[in-house]
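Note that this is a predicted model, so its numbers are computed, not measured. Every chain is numbered from 1, with letters handed out A, B, ... down the list of sequences.
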2 protein chains.
Amino acid sequence: MPKVTISKPRSFGNVEKFIEPCILLLLSKDSSHGYGLMDGLGKHCGHNVDIGNLYRTLRKMEKNKWIVSDWQKNKIGPDKRTYKISPNGVTILHEAASSLKTAQRLLSRFRNGYNRIYDNGVTV
Amino acid sequence: MPKVTISKPRSFGNVEKFIEPCILLLLSKDSSHGYGLMDGLGKHCGHNVDIGNLYRTLRKMEKNKWIVSDWQKNKIGPDKRTYKISPNGVTILHEAASSLKTAQRLLSRFRNGYNRIYDNGVTV
DNA sequence: CATACTATATGATATTTACATATAGATATG
DNA sequence: CATATCTATATGTAAATATCATATAGTATG
């Protein structure tokens, strides 16, 4: 029997590919491996990120040369692939930050319009 | 020969389904038809929206009972399907506004972290 | 009479996200 | 010591969303 999945549509407010600039920002502070980024990304994204997508995203970012990895054979614990940001990645982060600023402006414009109608003009 | 399309990935900062709350906000001010929403949506979204996507979104929103339409046979110009927001739609708009506020907070958190590293802590 | 504008709509495809599953060593707990 | 949980990386598949292209038709304009 073919598997049929019906899931509800996503809610509003998701910023597309937000995880990528967040990764670049976190790696700007400290090199880290995929699993180690989970906590910081959870805080930045407002929810626990999908670990599978995280690893896939990291590989894609490395392919794009935004980050570079080296494989660390650990004596204790499983081996880790540790990533650090590249100069190219810093450039991308700047571009992303600029785009995200635009998004902030658009959201702010929406909120002002919304408040004018429904919240008596109060801007929080 | 099979058609092969290679397109570049979308840039950062796109807010998913942002067009829907924008439509609800615009219809809160005034009833309108699809084509007539284009200008306002362009300003809210920061770029001209895809007209095909707009019409499909309107139909979906009507199916969800967020908006209702009536078909206006015009003497001058092409006929129009005029939409107005429903009480249900107002509720959805409130929910969307709340989610978008969360998005604003996350973007603001990102920006603060970014500025701390790259812009000497200056928050614009 | 060709071109552009208003107006609505669908088809096909690309991109992005979500959910599920696989693997494997380490560490804790009863 | 069996088994459950945690750390760690990764792939398969499908759903949700966005983009690009095309179809149709009336109207206005030069």
Return the value, rounded to whole Å, for the distance between atom [atom1] of [X] and atom [atom2] of [N].
| X | N | atom1 | atom2 | value |
| --- | --- | --- | --- | --- |
| B/Lys17 | C/dA18 | NZ | P | 11 Å |
| B/Phe12 | C/dT16 | CZ | C1' | 13 Å |
| B/Glu16 | C/dT16 | CD | P | 11 Å |
| A/Phe18 | C/dA18 | CZ | C1' | 19 Å |
| B/Asn64 | D/dA16 | CG | C1' | 14 Å |
| A/His33 | D/dT7 | NE2 | P | 9 Å |
| A/Lys80 | D/dT9 | NZ | P | 8 Å |
| B/Leu37 | C/dT8 | CG | C1' | 13 Å |

(request) Taking only heavy atoms on the protein side, list every residue of residues 51-59 of chain A lying under 4.0 Å from any atom of DNA chain C, sorted numerically. (result) A/Asn53, A/Arg56
So which nucleotide from [options] ends up closest to the side chain of [X]?
| X | options | answer |
| --- | --- | --- |
| B/Asp50 | D/dT19, D/dA18, C/dA7 | D/dT19 |
| B/Tyr83 | C/dT16, D/dT9, C/dA9 | C/dA9 |
| B/Trp71 | D/dT9, C/dT8, C/dT17 | C/dT8 |

Atom [atom1] in [X], atom [atom2] in [Y]: separation rounded to 0.5 Å?
| X | Y | atom1 | atom2 | answer |
| --- | --- | --- | --- | --- |
| A/Leu41 | A/Leu26 | CG | CG | 5.5 Å |
| A/Cys22 | A/Leu27 | SG | CG | 11.0 Å |
| B/Leu37 | B/Ile51 | CG | CD1 | 9.0 Å |

(message) Is it the case that the side chain of B/Arg81 and the backbone of B/His33 share a donor-acceptor pair, with hydrogens and angles ignored and the cut-off at 3.5 Å?
(response) no
(request) Find which nucleotide of DNA chain D each of A/Ser11 and A/Gly34 is nearest to by heavy atoms, and output the residue with the more 5' nucleotide. (result) A/Gly34
(request) Looking only at non-hydrogen atoms, find the nearest pair between A/Ile92 and A/Trp66 and report the distance. (result) CG1-NE1, 3.5 Å
(request) Looking only at non-hydrogen atoms, find the nearest pair between A/Ser99 and B/Phe12 and report the distance. (result) CB-O, 3.4 Å
(message) In the structure I gave you, are the side-chain heavy atoms of A/Tyr55 and A/Tyr35 within less than 4.5 Å of one another anywhere?
(response) yes
(message) Taking only side-chain N and O atoms of A/Tyr35, does any of them lie within less than 4.0 angstrom of OP1 or OP2 on D/dT7?
(response) yes
